[in-house]
Amino acid sequence: MLKISGAAKIYGGQTIFSRFDLTVAQGQFNVLVGPSGCGKSTLFDGLTNVISLDKMALSWKGEALPHLGCHAAYMQQKDLLLPWFSLLDNALLPVKIGNQSLAAMTTMAENLFSRMGLKGYESHRPNEVSGGMRQRCALVRTLMFNRDLILLDEPLSALDAITRRRLQSLLLLLQTEFNKTILMITHDIEEALLLADEVYILSPLPMVITDRFVLDQEKPRKFTDPRLLEIKEKVLAQLQEGAHR
Amino acid sequence: MLKISGAAKIYGGQTIFSRFDLTVAQGQFNVLVGPSGCGKSTLFDGLTNVISLDKMALSWKGEALPHLGCHAAYMQQKDLLLPWFSLLDNALLPVKIGNQSLAAMTTMAENLFSRMGLKGYESHRPNEVSGGMRQRCALVRTLMFNRDLILLDEPLSALDAITRRRLQSLLLLLQTEFNKTILMITHDIEEALLLADEVYILSPLPMVITDRFVLDQEKPRKFTDPRLLEIKEKVLAQLQEGAHR
Amino acid sequence: TEKLTLMLDWFPNVDHLPIYVAQEMGYFSDNGIEVEIITPSDTADALKLAASGNVDLAVSYQPQTIIAASQGLSIKAVAPLVVHPLTTLLFLENKGIKNPSDLSGKKIGYTVPGLMDVLLKAFADINHIKDYTPVNVGFTILPALVANKVDAVMGPFKTYETVGMAQQGYTARFFELEKWGIPDYEELIFVCGPKALADKSQAIHGFVKALDKAQVYTRDHSEKALALYLSAVPQADKTMETQAFELTRPYFAAVSSHDVAKWKAFADFALAHGLITTRVDVNNLIHLWK
Amino acid sequence: MRPSNYLSPALVAVILVLWEGAVRLMEIPVFILPPPSTIVVTAVGRASLILPHAAITFAEIILGILLALGTAIPLATVMFAKPPLEKALSPFLVASQAIPVFALAPLLVVWLGYGIASKVFMAWIIIFFPITVSLLSGLKNCDPEYRVLFRLMGASFYDTFMLLYWPWALPQFFAGLRVGVSVATIGAVIGEWVGAQQGLGFLMIQSNARLQVDLVFAVILWLSAMGLVMWSLVGILEKKMIKWKPI
Amino acid sequence: MRPSNYLSPALVAVILVLWEGAVRLMEIPVFILPPPSTIVVTAVGRASLILPHAAITFAEIILGILLALGTAIPLATVMFAKPPLEKALSPFLVASQAIPVFALAPLLVVWLGYGIASKVFMAWIIIFFPITVSLLSGLKNCDPEYRVLFRLMGASFYDTFMLLYWPWALPQFFAGLRVGVSVATIGAVIGEWVGAQQGLGFLMIQSNARLQVDLVFAVILWLSAMGLVMWSLVGILEKKMIKWKPI
Ligand SMILES: Nc1ncnc2c1ncn2[C@@H]1O[C@H](COP(=O)(O)OP(=O)(O)OP(=O)(O)O)[C@@H](O)[C@H]1O
Ligand SMILES: Nc1ncnc2c1ncn2[C@@H]1O[C@H](COP(=O)(O)OP(=O)(O)OP(=O)(O)O)[C@@H](O)[C@H]1O
Ligand SMILES: [Mg+2]
Ligand SMILES: [Mg+2]
């Protein structure tokens, strides 16, 4: 279980969040939805020690930790691919750094590349592929961390509807087959509702959870389910309300 | 009228597109939808001479041009904000460079900032704001070009649903109030259908227009319109088909 | 008054004492001239700049002047300053060196490549030093000797480096060149270019006369002369320069004209031992004041 | 103070003690390498002799640096704007670094006389080179995606330079300037071989020939101090000018 | 060839013609500044004299550069990894640039003798500095967002260095190396003022003392040519190693 309590961050006098609490049960796929600039990335950065928070109590799998550091795989909002490596080498970076077997992981990466429609682009450099392809490569890299907890900050924002669907299934697979715990930020409400066990709706600054939807529908889901459509309307209304506060 | 004919680009043996034609009537708002990596950004880059195409005949307002160069405002997929300037200074870059009146344009930029929810962040540096805020700043900068033709490459991809709607209205205003001609790339089919006069569906590599939807519904539109929902299904089917070719 | 520029051969030291005496005693202004004294960046600079007319007068060495003449630089020697060699083959005492031939098979340093190495070779030929290794030590003379990197050095002045070494607690011994078969020559001389000599003949003659007077004063009032020098060159090390002066005094020129025979003998020697490759007519090189 | 902050003075102390010990134990004569204690004593004790010379040399260094900046910046800009010019000029720049002072000295005397000009010129030759090369490399390093943005905006070279290239190249420019101000000290000293009557270089050569090696090293200490002051000033200036870097 | 390609040789020609003309018209004596024609004639005509010396100096330059690389890279790395060390060491580095050759010569003679070692040492002192400073600046320039990425991956300093910092700093490293190889020529020559029996520096001093100024400049021409060759080699190496840059 991932348990965050009392997280607080102030940037130059501006409170991004204070006393922020969140709990994600092991094996769950939870999604954060909130307006742009509300502090979602800041929260993820704080969890993983990319930035230091002013206050936070954290525990993961029952163990209290100063931060998630090396326990989570974190896909940041920027793709941060290294220009001097090919896409495959970029994706294999966590393998080269960790002490995992390069051969086995290369097969896995190549497999992921073809599932994500990057087959044939393994040896392209990042500046030779499209924005969406860079994002997919960054996602492969995140999966190569091979960690139990995965934090995803808008992982599919640069992708078209079809590719997006394909990758959504892949993310679901991570949860169901490999029992990963996933916490994801997205702006796509349908995506949130298709994937999440719980959806949190966040307010603008200072960020608080204004609402929480528990979705126990069987996955994979289809968006034709009227209950999902209904929740979508609620979420939108909630977000709308937050924006007008 | 913008008329592109016979555009062709080959990258290292791989044909991105060849004999690509497109026509946009003056004052129209046309949208390109296509799978990630199909060559949309490459097309825009070619039109504006960011890269050189292998072949292309182009005319704008009846005048044959080698490229759109200084006739179009182009918002690229990357935000490309300069780290040493504040958001406002970044947005005012085209003004500083052109010979427009700085005072008047500053008012306009500040006005746009507050419409886009960036009020209070004018003097933040790009690395002190969120991904969505950077994107909005880049959009303001594009509008400050003050040109009749606007090319937008996924301008709203990093924004939440609510902010996105607000900016969609703003884009519509550009068309209706200021009579701009707009060509936009998006992955959000609903967005395409809400804004576009014509929607082009693109195939994967090599890129061709597989379908074209002319939408003459009154704007602003609502997505509750059943005809739009119907078209959305068609578009999705078309994209799906392209992906399985 | 006419202005003259004089470039020294090296930084100011007691060898130049009569010049400063003439300056301080007002002998230059008595002769209607005003002299600006300039330090060079390299010993060859003085000759170059005198020949090109960028300075009116320069202090140089007779051997280097002969070399310059053989290279086609047109210069004239107008007066001597120090009339015998100060250059020596120098070594530390207690090294068991009594005769030059004791240096056979040893390492011998020299200070200026192109000049001292040739002199060394001539010295060795004449004095039967066999199988020695020449080493260019530049101006790190004492360290080279003390660290036993060389056994002797060709080039140090018997009036100057010896004093410095004594101050550091080392006693120097040396072979004087003119006593070991090298023709006697004038160590320091004044030279000027043909143009300066033609245009400022009067002033340069005045300079020579003033210097003549200063030499006499230096001989007769050595303590006062030294005091004048030390006040003109404040950065000089008092004790060291005082001792060096004592050693240098006997070699200052007594008369203000060159010994043509001495020049001829050295020019012949230079040609014979490869210091120069083309014959130099010393009569063209020396200006005689009437 | 955190323990790591003690490292710097501690290391300095260790090096000085090792030096002092080595000189004393190995009985290295003072005229070869004086111990640091002697150097400091001489540097302080003879300050009244050294300072007037130091003032001259400092002026030469400052002028040399200003002149180097005044030439390096336009030169790097022009070579950046016109690559054929870069190709044509770089042989001369590289060649300028292979010329020893004694070859140039007579020429400098002929052209610039014995005043401060010839010393500043020598310093300039030595300083301008690292600044030019670093700045040029920094300018060339500019991300082409940003260049394209400026082209799209129809920016002139001047605008692009002021708003993009120059800020982009600043970190490399400062690296070059750091090297420049550090070699400026030796540049001015070398310049003083050209007919100087004063200055630290002049004082050093004389002291060296007179075997006053402690004074030579005392002068080097003063020169190093000057170099360090300028090095720190460059660091402060760099921090002021590159405020947007979160380092 | 495009017209702009003619600019480079044209400019070289113009400069040489101006030089030749100036020397002839202003009647600058050959022993102050020889005209380029004379220099070239001497440099070629006396190649058989110059070449053996050049070989020695070239060896010193190469050794100096290798030694400089072998020290600058670890030094910059260590100073980058441990900022307190940087603070502690940089005064010594800056000071090392303020030491003139004659102050160091006695020490070099005593410690390293008259062999090639003392020359290589002098060259090293001069070369390693720009490389160290540039490399260090390049390493520090690395985008902190990427550093964070490597921290997230749990990368060791070694891994981060090899995969991130080093490739990131390469352009600046090469700028430093360019400066380094250019000053390497004068570094070796200065080294040869300390007790050399051969080498271009030795030949230069000898020729200068014998007032063979055309030979002095011919040697400078050879040195410049060496510098240029190495400069070009660095350029080629840079292109090979920084393939990912679309310049
Ligand atoms: N370094 C910083 N200095 C000052 N303020 C900052 C800094 N970084 C972020 N902020 C502020 O924190 C707030 C939250 O930023 P954050 O990046 O977390 O937003 P977000 O929720 O991820 O938005 P988006 O959906 O647009 O990515 C923003 O208002 C931003 O201005
Ligand atoms: N510099 C390059 N060298 C080689 N191939 C390139 C280069 N730039 C782009 N490509 C290829 O061109 C194709 C189209 O790229 P483009 O960026 O136009 O895609 P896109 O339609 O904008 O995709 P996205 O929606 O992901 O941004 C891709 O397959 C990419 O690999
Ligand atoms: Mg974010
Ligand atoms: Mg794209």
Side-chain angles (χ1 to χ4, degrees), chain D residues 4-5 7-12 15 28 31-33 82 84-85 87-92 94-95 97-100 102-103 106-107 110 129-130 133-134 137-138 140-141 144 171-172 174-176 178-179 182-183 185-186 189-190 201 204-205 208 213 216-217 220 223-224 227-228 231 246-247, chain E residues 4-5 7-12 15 28 31-33 82 84-85 87-95 97-100 102-103 106-107 110 129-130 133-134 137-138 140-141 144 171-172 174-176 178-179 182-183 185-186 189-190 201 204-205 208 216-217 220 223-224 227-228 231 246-247:
Chain D
S4 72
N5 283 349
L7 187 57
S8 162
L11 195 77
V12 172
I15 293 178
I28 298 173
F31 61 86
I32 293 195
L33 179 69
K82 303 256 173 280
L85 255 180
K87 262 198 204 159
L89 287 179
S90 50
F92 292 95
V94 176
Q97 298 305 299
I99 305 176
F102 64 76
L107 201 63
V110 171
F129 186 71
V133 173
S134 293
S137 155
K140 284 174 151 189
N141 250 334
Q172 278 200 253
F174 275 107
R178 264 171 201 277
V179 175
S182 308
V183 297
T185 49
I186 199 81
V189 165
I190 285 182
M204 254 203 277
I205 305 178
N208 190 56
V213 181
V216 171
F217 277 85
I220 292 177
L223 278 175
S224 303
L228 266 174
W231 169 277
I247 305 181
Chain E
S4 72
N5 285 350
L7 187 55
S8 164
L11 195 75
V12 172
I15 294 177
I28 299 173
F31 52 87
I32 302 260
L33 179 68
K82 302 257 172 279
L85 253 180
K87 260 198 204 160
L89 287 179
S90 50
F92 292 96
L93 298 194
V94 176
Q97 299 305 300
I99 306 176
F102 59 74
L107 208 62
V110 172
F129 187 71
V133 173
S134 293
S137 156
K140 285 174 148 187
N141 250 335
Q172 277 200 255
F174 275 108
R178 263 171 202 276
V179 175
S182 308
V183 298
T185 48
I186 199 81
V189 164
I190 285 181
M204 253 201 273
I205 305 178
N208 193 52
V216 171
F217 277 84
I220 293 177
L223 278 174
S224 303
L228 265 175
W231 169 277
I247 303 178

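Lettering follows sequence order; numbering is per chain, from 1.
Between E:L33 and D:L107, the shortest heavy-atom contact is CB-CD1, 3.5 Å. Residues D:A88 and E:V12 approach most closely at O-CG2, 4.0 Å, considering heavy atoms. Nearest heavy-atom pair across D:A103 and E:I220 is CB-CD1, 3.6 Å.
Heavy atoms closer than 4.5 Å to chain D are found nowhere in E:F31, neither backbone nor side chain. For E:L93, no part lies under 4.5 angstrom from a heavy atom of chain D. In this structure, the portion of E:V110 lying under 4.5 Å from any heavy atom of chain D is its side chain and not its backbone. If you measure heavy-atom distances from E:S224 to chain D, the contacts under 4.5 Å come from both the backbone and the side chain. Residue E:F174 does not touch chain D at all, counting heavy-atom pairs closer than 4.5 Å. Only the side chain of E:I15 comes within less than 4.5 Å of a heavy atom in chain D; its backbone stays farther off.
For the pair D:M204 and E:P100, the minimum side-chain heavy-atom distance is below 4.5 Å.
Between chain D and the options E:V133, E:V183, E:I205, the largest number of non-hydrogen pairs under 4.5 Å is found for E:V133. Chosen from D:G176, D:P171, D:S137, the residue pairing most often with chain E at heavy-atom distances under 4.5 Å is D:P171. Most heavy-atom pairs under 4.5 Å with chain E: of the set D:L228, D:V189, D:L11, this distinction falls to D:L228. For the set E:N208, E:T185, E:V216, E:V94, the count of heavy-atom pairs under 4.5 angstrom toward chain D peaks at E:V94.
How far CG of E:N141 is from CG of D:N141: 9.0 Å, rounded to the nearest 0.5 Å. From D:R178, atom CZ reaches atom OG of E:S134 across 11.0 Å, with rounding to the nearest 0.5 Å. Here the straight-line distance linking atom CG of E:L223 with atom CD of D:Q97 works out to 12.5 Å at 0.5 Å rounding. Taken from OG in D:S182 to CZ in E:F129, the straight-line distance is 3.5 Å, to the nearest 0.5 Å.
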